[in-house]
Amino acid sequence: MTNNQASFKQREAKWQKFWEEKGIFKTNPNPKRKYYVLVMYPYPSGDLHMGHVKNYVIGDVINRYRKMQGYDVLHPFGWDAFGLPAENAAIAHGIHPEKWTKENIEISKRNLKLMGIGYDWDAEVTTCEPDYYRWNQWLFLKFYERGLAYRKEAYVNWCPKCQTVLANEQVVEGHCYRSACAAPVEKKKLTQWFFKITEYAQRLLDGLDKLPHWPENVKTMQRNWIGRSEGVEVDFTLEHNGQKFPIFTTRPDTLYGVTFMALAPDAPLAETIAQGTKYEKEVSEFITRILKRPEIERIAVGTEKEGVFTGRYAINPVNGERVPIYIADFVLASYGTGMIMAVPAHDQRDFEFAKKYNIPIKVVINPPGENLRPETMTAAYVDEGIMVNSGQFNGLNNQEGIEKITDYLVAKGIGRRTVNYRLKDWLISRQRYWGTPIPMIHCERCGIVPVPEKDLPVLLPKDVKDYTPKGKSVLAGVESFINTTCPNCGGKAKRDPDTMDTFVDSSWYFFRYCDPKNDKLPFDPKKVNQWLPVDEYIGGIEHACGHLIFFRFFTKVLHDMGMVAVDEPCDYLWMIGMVKYKGAVMSSSKKHGVWVGPFVEEHGADVARLTMLFATPPEKEMDWSDELVTGVTRFIQRINRLYEENKNIIQNSEFEIQNLSEAERRLYIRLNQTIKKVITDTEAFQYNTAIAGLMEFLNDLYAFNDKKSQVFAFALNRFVLLLAPFAPHLAEELWHQIGNEKTIFLEPFPTYDEKATSFAEMTIPIQINGKLRSKLVVPVGTTEETIKKLAFEDKKVIEYTQGKTVTRIIYIPNKLLSIVTN
RNA sequence: GCCGAAGUGGCGGAACUGGGAGACGCAGCGGACUCAAAAUCCGCCACCCGAUUCGGGUGUGAGGGUUCGACUCCCUCCUUCGGCACCA
């Protein structure tokens, strides 16, 4: 071990212990100036790599910075402790998921402490503990009371490998979202629990406009995910039984061009429509075949559309035309009403389908000055045009036509203005063991009965022999758990065997942090309202359309319940770029990456922190390399050496600005500039340039000759404070070295004097015809006239303007002089 | 296909509101120290042309435009990345 290694190891351990013993990061229960710094809590995976801890380092910079500014900071941490990896480990190695999870938590926690990240561990939240998940169950019951939790039979996403259903947000390109699994997702008809997030679709959309500090890309992704679209629901009539069947369209202007209808294979009507026709057998075979196909295949780009005629017809309400009903694989049961009106002339999908099955094509919109003929068309015409073959609407521009036909449909009572969302209700039940039991009881006599609040928590049984999923929940086979009595009639009943999606846990954990020990409620509204909204939330972009929608949804529901004052959970959201190593994403399972333990052992936590902060802007992806480590290691060594060489410096040196030497004055100004830069950049989430500013100032300190100067001593004192949020161990060490006894993190962060952020002289570049030709150095406050006069005395300016006429002179105060000649 | 973001030296990156392009760091080159090497320190370091300190030209993906002046604003295009993707 080198001397250097010995010294930082000792130093870092010493101050980590010091902070813990002094309780520096304990939360003030009665905050006066609150600041809530939140990092997305992790799945406990054991040893942490730099990709894991980058978020936490950034959170800790904000934590320490705001603390030094005198805020009461809440900076908590917890564990998203339910989930499949624990269960899979149990299946593979026979370790109980709980044991596996808790061991991983201990290892991860040690790693976090090694990095010097200052959390209030008293507020730690672990979601697999009954004192947490009982409130999942409590919230589920509240959602149920409000009609926001319901059960229905539907085709759901089924992961054949995990043997469980998945939410839409957990299907990535047709595959299971878990990177360790990634099996193609299938459709399966099951009765499952849902949260009615669609009821909040409009509010979730509108709320985005009230989040000016959220990254634009996240808001755009959420808008697309919610997918609002305005249109009309038009009632078609089923010829064979006279029933009205509404369809959704955004193009009512093409209503006269409908030549067939298409029904989704998984729509409820699809099962029965062909009954009694000669097509019955063919239709049912088609449906079976289509639904067995993995979703990824079905939605793949370029897949040819397929369908089958049902033998049934619908009546178009605007012209009474009889149009055939098909079942078509490109129609989605989950969007609109599950059936569409098809207009081959003006929709490309309908066009392709019509061509394949020889269905007539009817033009109802002509391009300006042109007449389309169906037999010569090679693609649908989807642009603007003039309406034809559309009865009283002929001759209208189709945009106008949309309005006119909609008004007509509404007036006639055969259509309604409707908004449709792409967002679907959130499927939350999982057929897995390691999760929160759903607090519902199935009674043969009373039906579905909620577990009374007083009986919570419904404990997850621990004495389970076999965790292997077999298509239904493991809990269904645990006799002691599944058999119970009905709270209503007292008769024999069964518990719901499913557990909740772990995204339920993470939808409200940030409220629990405000009141982590409450055993009467998930949290006391008073305490939550003291801290919310979260001031800064730090995490990964992969949660843009999952967790970051769910936690907004929960916040709105809890707001409606009167439990939280805010309607949106967080003010600033920061998305952190991934850390790669040799071009590939760091991964625990693939053992690829840079690990906290060994790295800190060799280089120290401060080096690890600075490496990540200095490499790139935080939101950008970075590729970890030894070169990055070299730069910040030298920076730290240069700081060390400077303070070593100037051991005798005194703190809080006093001096009068007017008595300073020219060099001292310059150093003082550079100090003020640096303080301003560090503050501005830190608050703008630009740690790379904040650190660059510190490096520049360190270079100035080295270049400064009068080491006995009071200003120099003052600058050394301030520099340590500026460094503290980024390299806390080194800063604390130096702070004590220069004679302080209390922690640096209770010291006010430096402020700057705006008047002292610019030098007494300024440099004015001179442009001639847009090219930089010379520079003037003049005292600040030099008038425009003087500058112009000096400029025309300048050798270069004379040279370039000789024999030419100056046509224009532009002076930008204190910035630049621009001369234009002919 | 639709939506969004981004293209700057050998590399990571910087540039406030339209005003000195390349801060800071890495790598590289030259020098000091050393018997030597490492470490450290000092200096150079966008490209091209000419020279000796210096001078001139070009330059922020490509092309055009606005402007005294464009990495920054506008138009067209190219490339890369991310999201959505048969959404009626």
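Quantities reported herein were computed from a predicted structural model and do not represent experimental measurements. Naming: A, B, ... by sequence-line order, numbering from 1 per chain.
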Cut-off 3.5 Å, side chains only: do A:Thr198 and A:Asp425 have a donor facing an acceptor? yes
Are the aromatic rings of A:Tyr357 and A:Phe260 close, with centres under 6.0 Å apart? no
Does a donor on one side chain and an acceptor on the other come within less than 3.5 Å for A:Gln637 and A:Arg634? no
Is it the case that the base of B:G4 and the side chain of A:Glu216 share a donor-acceptor contact (distance under 3.5 Å, atom types as modelled)? no
Please produce a list of atom pairs where a protein N or O lies less than 3.5 Å from an N or O of nucleotides 40-42 of chain B.
unit_1 : atom_1 : unit_2   : atom_2 : d
B:U40  : O3'    : A:Arg641 : NH1    : 3.4
B:C41  : OP1    : A:Arg638 : NH1    : 3.1
B:C41  : OP1    : A:Arg641 : NH1    : 3.2

Check this one for me: any side-chain N or O of A:Arg223 less than 4.0 Å away from OP1 or OP2 of B:G4? no
With syn defined as a glycosidic angle within 90° of 0 and anti as the rest, where does B:G69 land? anti
Donor-acceptor pairs under 3.5 angstrom involving side-chain atoms of residues 577-584 of chain A: please list them, not counting sequence neighbours.
unit_1   : atom_1 : unit_2   : atom_2 : d
A:Lys580 : NZ     : A:Glu621 : OE2    : 3.2

Donor on one side chain, acceptor on other, A:Thr630 and A:Glu627, under 3.5 Å: no
Could you work out, with side-chain hydrogen bond (donor to acceptor under 3.5 Å, both in side chains) as the rule, every residue matching A:Asn420, not counting sequence neighbours? none
Can you tell which of A:Asp253, A:Ile365, A:Asn398 makes a side chain to side chain contact (heavy atoms under 4.5 Å, CB included) with A:Glu384? A:Asn398
N/O contacts under 3.5 Å, protein versus nucleotides 47-57 of chain B?
unit_1 : atom_1 : unit_2   : atom_2 : d
B:G56  : OP1    : A:Lys796 : NZ     : 3.0
B:G56  : OP1    : A:Tyr800 : OH     : 2.6
B:G57  : OP1    : A:Arg773 : NH2    : 3.2
B:G57  : OP2    : A:Arg773 : NH1    : 3.2

Pairing string of RNA chain B (Watson-Crick or G-U wobble, both atom distances under 3.5 Å; | = paired to other strand) is (((((((..(((......[....))).(((((.......))))).(((((...)))))..(((((..]....))))))))))))....
Measuring to OP1 and OP2 of B:A23, would you say a side-chain N or O of A:Asn699 lies under 4.0 angstrom away? no
Is any side-chain N of the basic residue among A:Lys355 and A:Glu352 closer than 4.0 Å to the acidic one's carboxylate O? no
On the ring face of A:Phe759, is A:Arg666 found with NZ or CZ under 6.0 Å from the centre and within 45° of the axis? yes
The single option from A:Ile787, A:Ile766, A:Ile798, A:Val806 that satisfies side chain to side chain contact (heavy atoms under 4.5 Å, CB included) with A:Phe792 is A:Val806
Is there a side-chain polar atom (N or O) of A:Ser229 under 4.0 Å from OP1 or OP2 of B:A88? yes
Which of residues 677-692 of chain A have a heavy atom under 4.0 Å from RNA chain B? A:Asn688, A:Thr689, A:Ala692
Please determine if a side-chain N or O atom of A:Arg808 lies less than 4.0 Å away from the OP1 or OP2 oxygen of B:C68. yes
